[in-house]
Structure formats: structure tokens, C-alpha cells
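Lettering follows sequence order; numbering is per chain, from 1.
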Number of protein chains: 2
Amino acid sequence: MDAQTTHDPTQGVFRALADPTRRAILQQLAQGPRGVNALAQGFEMTRPAVAKHLKILEEGRLITVEQRGRERLNHLQPEMLAVAQRWLGFFEAFWDDKLADLKREVERDDD
Amino acid sequence: MDAQTTHDPTQGVFRALADPTRRAILQQLAQGPRGVNALAQGFEMTRPAVAKHLKILEEGRLITVEQRGRERLNHLQPEMLAVAQRWLGFFEAFWDDKLADLKREVERDDD
DNA sequence: TATAAATGAAACCGAAAGGTTTCGTATTAT
DNA sequence: ATAATACGAAACCTTTCGGTTTCATTTATA
């Protein structure tokens, strides 16, 4: 399928979060906007590799890019991270209390 | 690298969450344990395909498997979802208030 | 103006992902 | 005992992923 064109915003976010380098980039950007060169120095890979990760982060709308002359500042855009957190929030009931275990037992009897 | 052997539990979770089918499986399992056949009926793919997804969910420790005779009941195990949510919680400060915007402005002046 | 810097873009590569079909094997039901 | 059920496992295929090297382009500076 076409992951980029899919109009489910959740997909773009979780796709972007799947890679450890991209998660590390997000944490870097939490400390302020960075260009691709500055970011690449923190990772053991070439600049184009980091640039590709940034593109995927941009597609998932986890960052925005601010063009400043010949520089391209990548800014963290945290709203979509909140979307991901809310998606996970659906499962909160299953770790907040012990209802989950009880539920499992009850449904086992029903089957 | 070796995603399975990596002893960073975060990686296994986010890897598992990257696929929409696997996220849907988790939501299905939130309503109770299911065997692979029951799950496969809900998706437009074959049973072995769903079985592979379940294996990845198990590797990420998002589900546990209970063998009951010839059946294999897949149970949601929500603890690692909480791990993912907490990882995202690090960024809460950036959407909770407007400090993020202020921070960006300040650091732009510093550069 | 020449040069250095910051980056995009393209071509390419091996490995991983996501799917299929086919076959084998326990376990349950008739 | 036989047949149906619920699986796992293997082989195979195509696409995506994550990385590289090379080259072109735009912007800043000596």
C-alpha cells in the first residue's frame, strides 16, 4: 500500500517512531531546532541517511522544517506525539487496575 | 542490527506498533484472548500472515500465548504499551504549555 | 568572483518486512 | 480408527527500509 498517502495520521506517526535513530532525533530536537549536519554528527551514519530519516519524520508530521537561507532548521512538532500517546491511552484500563485479569477469567468461562 | 536480540525493550514495542494490522490485533485482544484463526477472519489476509504478526507482537512482549490443547490463545499484555506511553510522556512538556515556542525563540537568538 | 558550506537528489545495494502457497503435525471430535 | 481442526514451519516472492557513494545546486563569504 501507500503509507504516505494513507489518510490515517496514526500510521505516519507509528511508522516514524519505529526506528531508533528517528526516536533519538526527536529527543535531540526537543533541545532545540537543528540542521541535518549538526544532527548527523551525533550518529554513526552519513548525512544523507539522517536526511532520509528527517523526511520520514516530516511525512509523519513529527517535525516541521524552517528554511533559513541555505540552512534547513528541523523543529520538533509535538502534536502528533500526543496523538500516539492518546492511541496508547485506550489501553490504560488494562494496566491501571486489575480488572483486566478478572475480565480474562470471566471470558474464559464464557467461551 | 538485530532488532530481536537488542535488549532495549522500547525497540521491540515500537517495531510492533509500526504496522496497522498489529495495532488492530491489539485492539481486538483488548476484548479478550483470541486464537489466530478467529483473528484472521477479521483481516483480509491469510492465517499465516496473521500468525507472523502475532510472533512480532510476542517478541515485543505485547502479548502472551496460552497453549490450551490444540488452541493457542493470544492474550494482550499491556505493560509494554505503558512503556511506550511513558516514552512519549517525555515530550508532554512540549504540548502541555507554550514553553516550547518560547524556548525556540530564545535559542534562535543564542545561535 | 572564486570558493566553501549546506543541502537535495539520484542510483544503487543488501537486508528486513509483509505477504503467499504448500506441507506436516498434534489434538479433538465422530 | 478416521476425519476435521488448529496450528507451526518452510520456501518463495515483491516491496520497503536503511544505508552508501556520487553529483548538482543554492547560499554565504574571503
Side-chain angles (χ1 to χ4, degrees), chain A residues 1-6 8 11-26 28-29 32-60 62-75 108 111, chain B residues 1-6 8 11-26 28-29 32-60 62-75 108 111:
Chain A
M1 282 291 171
D2 190 336
Q4 290 92 306
T5 312
T6 297
D8 175 14
Q11 180 51 29
V13 178
F14 280 114
R15 178 203 178 208
L17 291 174
D19 186 88
T21 301
R22 289 193 291 266
R23 292 196 302 277
I25 288 174
L26 291 176
Q28 287 274 124
L29 294 183
R34 300 278 186 275
V36 65
N37 271 319
L39 285 169
Q41 287 177 347
F43 302 99
E44 290 187 335
M45 67 185 70
T46 59
R47 191 254 308 164
V50 175
K52 282 192 187 180
H53 285 303
L54 289 170
K55 190 163 158 238
I56 291 172
L57 287 168
E58 198 183 355
E59 286 171 355
L62 294 167
I63 64 172
T64 54
V65 181
E66 176 197 6
Q67 190 90 29
R68 283 182 80 77
R70 71 178 157 182
E71 298 217 37
R72 226 176 132 78
L73 274 293
N74 302 276
H75 292 259
R108 181 181 301 169
D111 286 358
Chain B
M1 282 290 173
D2 190 336
Q4 288 92 308
T5 311
T6 297
D8 175 14
Q11 179 52 30
V13 177
F14 280 114
R15 203 243 307 195
L17 290 174
D19 186 272
T21 301
R22 289 193 290 267
R23 291 196 303 276
I25 288 174
L26 291 175
Q28 286 274 123
L29 294 182
R34 299 279 186 272
V36 64
N37 271 317
L39 285 169
Q41 288 177 347
F43 302 99
E44 290 187 336
M45 66 184 70
T46 59
R47 191 253 308 162
V50 175
K52 283 191 186 179
H53 284 303
L54 289 170
K55 189 163 159 240
I56 291 172
L57 287 168
E58 197 183 354
E59 286 170 357
L62 293 168
I63 64 172
T64 56
V65 180
E66 176 197 6
Q67 189 91 29
R68 283 181 81 79
R70 70 179 156 180
E71 299 217 34
R72 228 176 130 78
L73 273 293
N74 301 276
H75 292 260
R108 180 180 301 168
D111 284 359

Asks: Tabulated below should be each protein N or O lying under 3.5 Å from an N or O of nucleotides 7-12 of chain D; please produce it.
Replies:
{"from": "D:dC7", "atom 1": "OP1", "to": "B:R72", "atom 2": "N", "distance (Å)": "3.3"}
{"from": "D:dC7", "atom 1": "OP2", "to": "B:N37", "atom 2": "N", "distance (Å)": "3.3"}
{"from": "D:dC7", "atom 1": "OP2", "to": "B:N37", "atom 2": "ND2", "distance (Å)": "3.1"}
{"from": "D:dC7", "atom 1": "N4", "to": "B:R47", "atom 2": "NH2", "distance (Å)": "3.0"}
{"from": "D:dG8", "atom 1": "OP1", "to": "B:R72", "atom 2": "NE", "distance (Å)": "2.5"}
{"from": "D:dG8", "atom 1": "N7", "to": "B:R47", "atom 2": "NH1", "distance (Å)": "2.8"}
{"from": "D:dG8", "atom 1": "O6", "to": "B:R47", "atom 2": "NH2", "distance (Å)": "3.4"}

Asks: Would you mind telling me which residue lines up with the more 5' stretch of DNA chain D, A:G69 or A:A49, judged by nearest nucleotide?
Replies: A:A49

Asks: Can you tell me the distance, in whole Å, between the NE2 atom of A:H53 and the C1' atom of D:dT16?
Replies: 13 Å

Asks: Roughly how many Å is it from CD in A:E58 to P in C:dA9, rounded to a whole number?
Replies: 11 Å

Asks: Would you say B:D8 and B:Q11 make side-chain contact, with heavy atoms under 4.5 Å?
Replies: yes

Asks: With a 4.5 Å limit on heavy-atom distance, are the side chains of A:L29 and A:L57 in contact?
Replies: no

Asks: Starting from C1' on D:dT5, measure out to CD on B:Q67 and report it in whole angstrom.
Replies: 14 Å

Asks: Atom CG of A:L39 to atom P of D:dG19: distance rounded to whole Å?
Replies: 14 Å

Asks: For the pair made of CG in A:D19 and P in C:dA15, what is the distance, rounded to whole Å?
Replies: 18 Å

Asks: Please examine the side chains of B:L17 and B:L26, heavy atoms only from C-beta on, and report whether any two atoms are closer than 4.5 Å.
Replies: yes

Asks: Hey, mind stepping through A:R15 and A:E59 against side chain to side chain contact (heavy atoms under 4.5 Å, CB included) and telling me if it holds?
Replies: CA-CA 10 Å; A:R15 178 203 178 208; A:E59 286 171 355; 2.9 Å; yes

Asks: Roughly, in whole Å, what's the span from CD1 in B:I56 to P in C:dA17?
Replies: 6 Å

Asks: Is the distance from OP1 or OP2 of D:dT20 to the nearest side-chain N or O of A:T46 less than 4.0 Å?
Replies: yes

Asks: Return the set of residues passing side chain to side chain donor-acceptor pair (under 3.5 Å) with A:Q41 (not counting sequence neighbours), or none when no residue passes.
Replies: none

Asks: Under 3.5 Å, side chain of B:N74 to main-chain N/O of B:V65, donor-acceptor pair present?
Replies: no

Asks: Round to a whole Å and report the spacing from CG of B:L54 to P of D:dA6.
Replies: 16 Å

Asks: In whole angstroms, how far is the C1' atom of D:dT15 from the CZ atom of A:R15?
Replies: 13 Å

